[in-house]
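To start, the structure under review is shown below, and the notes come after it.
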Amino acid sequence: MLERSVLAENALQALHDEDYDRPFNTQNLNHTTMIFMGDREQVSLDGDWNFCVDLLDTGLRQKWFAMEPAAPRDREEPWDYDPYMGETVPVPSCWQMLKEKWYFFEGSAWYTRPVDFSPKPGKRTFLRVGAAQYDCKVFLNGEFVGNHYGGSTPFFAEMTDRLKDGRNWLMLCVNNVRTLDRVPMRNTDWFNYGGVYREVSLVETPESLIRDFFIHLKPDSHFACLTASVVAEGAETAEISIPELGIRETVQLVDGKGSIDIAAGPLLWRPDRPKLYDVHVSAGDDRVSDRVGFRTIERKGRELYLNGRPLWLRGISVHEDDDKRGKVITEDDLRRRYADAKEMGCNFVRLAHYPHHERAVELADEIGLLVWAEIPVYWAIDFANPATERDAQNQLLELIRRDRNRACVAIWSVGNENADTDARLAFMKGLAETARAEDPTRLIAAACLVNHTKLKIEDRLAAYLDIIGINEYYGWYDEDFSELPKILANSQPDRPVVISETGADADITEQGPKDGLFSEDYQASVYEKQIATLKDLDFVKGMSPWILYDFRTERRQGIFQRGFNRKGLIAADKVTRKKSFAILRSFYHMVAAGEVEEWERS
Ligand code: GCU
């Protein structure tokens, strides 16, 4: 820890060093430092943490993280913040939802808590942060451990050789400033929450460690062969067992890596029968279990197939947003979200526009909903910036590593509504290639834009995708509804199209209009026209209208919006349904029953 004079020196230097952040932006906590979680035990570090917003990054400039814990009277020098005392906030939380004065705060904030630890021989300890928006710098006992970029994926920091016996002090400096070079960049149509908004924990493992484990049905194996791959440290072999299938196999590891094909005939996972198996993997002294479903998802030409059967995606888009907790989700929240989707007749949800909490995906696995998972390569990303590309690539790899054993995840989406520039094409083509290399068992998509001049689906990225997502708002942003059939007629895509977004705003609060734009009836009429147009197009293999619930976004300040996007089929209270909910439900129920043509007659 720092001597008295150095502290004063720091304070002085802090006034003149505008490059103060560089030593703390190594982004060394990334997909390469992940460990395979499965059902590992975790020691929760959630709860009250000392907290301080730090608009001017004074904490990094003055090195608050290096201060000694001391009682105020024992401090001999003036200080601007003492991380060992003062205000606390609950973790996980979004600071905007805790105090009016923090609602629009964008900047850095400090979280500090003690960690009492007693080292055990032969054990390793990792800090796991479920997610922190956006840049999270980690300090332990005054030392910089590293930082993580990306607000929606988990990261790990090994603490084995850093934690001392007894009391340790853990500090996180989280910065949510919107910038051009981040992913997403500074302009989005969702609220820029900030903070440590998912769980934080310590994970203890043996010295031998399973870093990664992926098991799936081997494509083109006629559902009769599983492929499993293991990455482990400190072991020459790994063992995989699936008791319910009578499977117990050993994998040879070379340089810590190995994979094996296993003959098996599992019951296939599908939304109406989400069968999961207990799968156990061990390597050396490490042993982890996971619950895994087996299914295949493919596209052939314009057709989508789940387990070899034609598939039409009856979906809805959802944000991770709650009008009281912001991005902090609860189990009840998720169960209500999926109950509403199921009641609407959905077999599919688009988790927009960033990786949602892992529990959202686990629950979709358990209750049977296919998932479109996405990284926030949203609108005008700084595509020519290598640092931005590295960040996006890392977020994609972290997402895939976290969720690729989830049978429900059918689609990796590499972005949303990006102008078709050369830099963007190279950037997103690279992401699609990374996703394929990392996971050859899923479909790659992106939400693309329609070429409104040529009235055509025309996006060069489509050639690198399995599914072309199309966001179109005919009847809302684009008045002339007659264009939609023309666009669709002009476009003869050679692969499935999913209408990844469509819809209209409807303010059903007492401030809302009784008719016209923003009214409930107007929204309903848009849905009726959309469904009537889309239902007969053989290359449209699904839709995920925008959006299940109204959600917070500062971009919208109109009298019928008031800081919310009101395109939900259910209001922000997550209870009050709009007429469009029933309209989409009746369509989906007919699609499910294979009676699409009936729809009009009903
Ligand atoms: C876009 C975008 C969404 C946005 C929606 C809207 O398509 O992808 O994030 O919220 O349109 O305008 O409501």
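All ligand and atom numbering here is 1-based and tracks the order in the structure.
Tyr149 pairs by the ring pair (Phe, Tyr, Trp, His ring centres under 6.0 Å) definition with Tyr134, not counting sequence neighbours. Applying the side chain to side chain donor-acceptor pair (under 3.5 Å) criterion to Lys456, with sequence neighbours excluded, gives no partner residue.
Cation-pi geometry between Lys574 and Tyr549 is met: under 6.0 angstrom from the ring centre, within 45 degrees of the axis. Cation-pi geometry between Lys578 and Tyr527 is not met: the NZ or CZ atom fails to fall both under 6.0 Å from the ring centre and inside 45° of the normal. A cation-pi arrangement is present between Lys300 and Tyr305, with the terminal nitrogen or guanidinium carbon under 6.0 Å from the aromatic centre and inside a 45° cone about the axis.
Protein residues with a heavy atom closer than 4.0 Å to ligand 1 are Asp189, His353, Tyr378, Asn416, Glu417, Asn471, Tyr473, Tyr477, Glu501, Trp546, Phe551, Arg556, Asn565, Lys567, listed by chain and number.
Residue pairs meeting the ring-ring contact (aromatic ring centres under 6.0 Å, His included) criterion with at least one partner in residues 414-443, sequence neighbours excluded, are Phe383-Phe427.
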